[in-house]
Undergrad: 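First the structure, then my questions, so here it is.
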Amino acid sequence: MANASCLGLYIEEHLIKYAKVSKDHDRIKVEAFGMMFYDKIGEAIEQVIQETYSQKTPISINLSEEMYNYFDMFALLTKNDLQKAIKTEFDSFCADKGYNPNVFETRYAIVGNPDEKEKIRVIHVADNKIELNKQMQQVEGYKLSSVSPISMAIPNLIDIEKHENAIVVNIEDSTTVTTILDDKIYNVDKIEQGSKEILNKINVKENSYSKSYEICKNTTIYTSEGKDLQEEQASYLEDIMPVLYTIVGKVKKIVNNNVDRIRKVYITGTAALINNIDLYFQEYLEGVECEILKPYFIQTLAGDISIKDYIEVNSAISLGMMGLGVGITGMNFKGQTFGDKIPDWLKLEVNPERTGKDRKNLGGMLTWDLGMPLDKTETGLVRIVIGLVLLVVIYSVFSGLLANQMKNKIQEADNSIEETRSQIQLASTDNNRINSKITQYNTMIKNIEEANNRVTDRNKTRNVIPNLLNQIMTVIPENVQLTSIENTTGTHVVIIAQSNKYEQLGYFVAKMKTEVILTNIISTAGEKDNNAVSIKIEGDLP
């Protein structure tokens with residue numbers, strides 16, 4: 001439908017982001033957008049709807065407490081059998097966790113399994129019905145059309161290339177990491193840390209969430225090649241950097257654990273507004289291109305609008321697009337009523353008086369006076385009626401015969417399917433036995449390899465610390481002191497260093513990288529205690 005519009009609302013604990021999105025064929029446009037902090041969510045939503053003139057516009061909102069599970073199924077299952085199998089898997093999961101499956105509203109999406117072509121991967125999303133109803137009640141009285149998980153909506157903003165492997169890191173209140181393999185959503189990871197933790201820490205100092213938000217936007221984080229920091233900015237970095245360090249560490253694990261190479265990481269959400277965050281990610285995710293997620297359809301900017309303004313409400317834009325039918329289908333958690341299924345143009349008002357009159361006229365046309373002889377016209381009508389009755393009887397007889405034959409064929413097909421399933425079950429049992437033996441052998445091989453590795457590690461690391469100290473002596477600045485150095489595992493080394501100047505510590509880390517004293521170096525943000533600043537440096541021996 002041309003010129004369709006939807007108001008996307010991304011709702012967090014203290015913050016609401018909104019974007020009114022329209023679609024004209026394949027052209028996407030953001031008509032209005034913004035964000036606001038609120039004390040009462042109902043008043044904030046009403047203000048947004050008034051400002052965007054969206055009283056009759058469909059609204060799309062986000063889930064708040066969803067959880068994700070993944071099931072592998074055979075690709076040849078029928079739709080009904082697939083639904084039953086998914087329900088069985090989820091019921092089994094709930095039984096293991098002690099959950100009641102009836103308290104959850106669920107949806108699922110299907111994607112191919114790149115490792116096993118005969119199987120499909122089911123991305124199963126569940127949300128507590130109580131929490132879902134709370135989220136929906138926030139927009140009660142308005143035209144709610146869609147409730148979707150933000151992790152499945154945010155990829156709408158990317159013009160994904162064919163066979164592209166990428167990750168979208170959306171750092172909102174909490175963080176979601178959406179993995180895209182072969183240009184399809186394949187996995188979603190949730191990270192508890194996010195912008196909420198950052199804003200709460202800054203709010204303790206400023207006592208204002210809006211001011212904390214602006215501070216977060218205007219803060220520039222440093223990398224190993226960064227410039228000196230002002231004291232005021234350094235104090236905010238103490239609140240920001242530990243959270244980002246945790247997030248980037250978990251994202252790095254996700255990248256490394258993917259068999260398929262991840263070529264690009266898109267960063268979005270509230271924390272994406274922090275200056276240099278893409279460079280910070282780039283420093284830790286070597287070999288992967290990191291960039292801030294910009295909506296693909298925004299080519300030119302008008303007036304005083306900057307691309308950063310759009311990035312600020314990426315989550316709301318993606319939800320608005322979801323409400324317009326863009327992106328992955330089947331993830332709308334709002335149950336569709338009968339009224340929703342009726343198009344607006346079919347919702348006609350009926351005039352009861354006119355209907356009664358029409359019925360009276362129609363009855364008069366079909367009323368015959370059987371006390372009078374039939375004229376030629378009436379005789380013709382009777383013959384037509386008798387012919388239609390005979391036609392209906394003949395059609396009913398043939399339909400009954402055909403239906404009976406189809407029933408027999410369906411029964412034969414069901415018997416054949418049941419026999420095939422029985423054979424599949426026998427084959428599955430044999431396969432499980434083989435896999436059990438393979439697991440035993442793999443465990444034995446792994447134990448032997450681990451024993452060999454421990455012997456090798458002991459031989460390799462016997463003189464690690466003395467040799468490392470000799471190398472560090474050649475690069476350590478005069479004002480930097482080492483308070484701890486430890487060879488934790490294998491070739492991995494952890495160093496605690498302190499100084500009264502940030503730049504001296506940065507210089508020390510940079511020299512260790514350029515001199516290749518350690519590889520894969522990761523350093524934490526500085527922690528200030530009185531006049532001393534300490535950092536933790538991790539790396540591997542070359």
Side-chain angles (χ1 to χ4, degrees), residues 154 157 166-172 175 177 191 193-199 201-202 205-206 211-252 254-255 262-295 301 306-315 501-514 520-528 533 535-538:
I154 202 69
L157 304 179
I167 281 179
V168 184
V169 183
N170 190 24
I171 314 175
E172 296 287 11
T175 302
V177 182
I191 301 174
Q193 291 79 14
S195 61
K196 178 180 179 180
E197 185 174 341
I198 294 173
L199 294 178
K201 288 181 178 180
I202 299 177
K205 301 175 181 178
E206 303 297 336
K211 186 176 181 181
S212 301
Y213 184 86
E214 290 301 318
I215 289 172
C216 186
K217 282 177 58 176
N218 296 322
T219 297
T220 301
I221 62 176
Y222 67 92
T223 61
S224 59
E225 300 176 358
K227 298 180 179 179
D228 295 343
L229 298 171
Q230 296 180 357
E231 187 70 23
E232 180 182 359
Q233 192 174 31
S235 67
Y236 296 128
L237 286 175
E238 292 176 357
D239 304 319
I240 295 172
M241 296 305 295
V243 178
L244 294 184
Y245 179 75
T246 301
I247 293 172
V248 76
K250 293 182 179 181
V251 171
K252 186 175 183 178
I254 294 170
V255 171
I262 302 299
R263 299 187 176 274
K264 188 174 288 188
V265 170
Y266 297 94
I267 308 162
T268 183
T270 295
L273 304 174
I274 300 172
N275 297 317
N276 284 350
I277 190 172
D278 52 339
L279 300 180
Y280 180 74
F281 269 72
Q282 188 72 67
E283 186 174 73
Y284 290 105
L285 303 178
E286 297 178 359
V288 181
E289 182 182 350
C290 300
E291 65 178 58
I292 304 300
L293 175 55
K294 305 175 181 65
L301 303 176
S306 70
I307 190 65
K308 199 168 184 178
D309 295 330
Y310 285 101
I311 294 169
E312 189 173 21
V313 294
N314 270 349
S315 293
K501 296 182 178 180
Y502 278 101
E503 60 271 21
Q504 290 295 318
L505 293 172
Y507 174 81
F508 178 48
V509 173
K511 287 295 290 181
M512 290 187 69
K513 287 184 178 180
T514 56
N520 301 322
I521 292 178
I522 298 176
S523 60
T524 63
E527 295 183 1
K528 193 170 184 180
V533 179
I535 64 170
K536 181 169 75 173
I537 305 168
E538 294 186 50

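Model, not experiment: these values are computed from the prediction.
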Undergrad: To the nearest 0.5 Å, tell me how far Asn520 CG sits from Lys513 NZ.
TA: 10.0 Å

Undergrad: Identify the heavy atoms of Ser523 and Tyr284 that sit nearest to each other, and give their distance.
TA: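 The pair with the smallest heavy-atom distance is O-OH, 2.8 Å.
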
Undergrad: Is there side-chain contact between Tyr245 and Ile522, with heavy atoms separated by less than 4.5 Å?
TA: yes

Undergrad: Kindly give the heavy-atom pair with the smallest separation between Lys536 and Glu538, and that separation in Å.
TA: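 Distance-wise, the nearest heavy atoms are CE-OE2, 3.4 Å.
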
Undergrad: Using atom types as modelled and distance alone, determine if a side-chain donor or acceptor of Thr175 lies under 3.5 Å from a backbone N or O of Gln193.
TA: yes

Undergrad: With a 6.0 Å cut-off (strictly less than), is the heavy-atom count around CD of Glu214, excluding the residue itself, greater than 12?
TA: yes

Undergrad: Any heavy-atom pair between the side chains of Lys252 and Val288 that's under 4.5 Å?
TA: no

Undergrad: Test side-chain contact (heavy atoms from CB on, under 4.5 Å) on Ile537 and Phe508; report intermediate values, then the result.
TA: CA-CA 10 Å; Ile537 305 168; Phe508 178 48; 3.8 Å; yes

Undergrad: Is the shortest side-chain heavy-atom distance between Ile277 and Ile292 below 4.5 Å?
TA: yes

Undergrad: Counting C-beta onward and ignoring hydrogens, is there a side-chain heavy-atom pair between Ile274 and Tyr280 closer than 4.5 Å?
TA: no

Undergrad: Please evaluate residues Tyr213 and Glu312 with respect to the criterion side-chain hydrogen bond (donor to acceptor under 3.5 Å, both in side chains), reporting the C-alpha separation (whole Å), side-chain torsions for both, the decisive distance (0.1 Å), and the verdict.
TA: CA-CA 11 Å; Tyr213 184 86; Glu312 189 173 21; 2.7 Å; yes

Undergrad: Start with the C-alpha distance between Val243 and Lys201, add both sets of side-chain angles, then the distance that settles side-chain contact (heavy atoms from CB on, under 4.5 Å), and finish with yes or no.
TA: CA-CA 10 Å; Val243 178; Lys201 288 181 178 180; 4.2 Å; yes

Undergrad: List the atom of Ser195, the atom of Ala271, and the distance in Å for their closest heavy-atom pair.
TA: CB-N, 4.4 Å

Undergrad: Looking at Leu293, is its backbone amide N or carbonyl O close enough to the side chain of Asn314 to form a donor-acceptor pair, meaning the two atoms are under 3.5 Å apart?
TA: yes

Undergrad: Show the nearest heavy-atom pair for residues Glu291 and Asp278, with the distance to one decimal.
TA: CA-CB, 4.3 Å

Undergrad: Could you grab the distance from atom CD1 of Ile215 to atom CD1 of Ile202, nearest 0.5 Å is fine?
TA: 6.0 Å

Undergrad: CD1/Ile240 to SG/Cys216 distance, rounded to the nearest 0.5 angstrom?
TA: 5.0 Å

Undergrad: With the side chain counted from C-beta on, respond yes when Thr246 and Lys250 share a heavy-atom pair under 4.5 Å apart, and no when they do not.
TA: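 When only atoms from C-beta onward are counted, Lys250 and Thr246 do touch, with a gap below 4.5 Å.
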
Undergrad: Determine the minimum heavy-atom distance between Ser315 and Asn170, stating which atoms define it.
TA: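 It is OG-ND2, 3.4 Å.
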
Undergrad: Between Ile267 and Gln282, does the side-chain contact (heavy atoms from CB on, under 4.5 Å) criterion hold? Intermediate values first, please.
TA: CA-CA 11 Å; Ile267 308 162; Gln282 188 72 67; over 6 Å; no

Undergrad: Go through the steps to decide whether Thr524 and Met241 satisfy the test side-chain contact (heavy atoms from CB on, under 4.5 Å), and finish with yes or no.
TA: CA-CA 8 Å; Thr524 63; Met241 296 305 295; over 6 Å; no

Undergrad: Got a donor-acceptor contact below 3.5 angstrom from the Thr270 side chain to the Glu172 backbone?
TA: no

Undergrad: How about Asp239 and Lys205: do any of their side-chain heavy atoms sit closer than 4.5 Å?
TA: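 With C-beta onward as the side chain, the pair touches.
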
Undergrad: Roughly how far, to the nearest 0.5 Å, is the CD1 atom of Ile154 from the OG1 atom of Thr268?
TA: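 Atom-to-atom, Thr268:OG1 and Ile154:CD1 are 4.5 Å apart.
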
Undergrad: Of all the heavy-atom pairs spanning Val533 and Leu505, show the shortest one and how long it is.
TA: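 Taking every non-hydrogen atom into account, O-CD1, 3.4 Å.
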
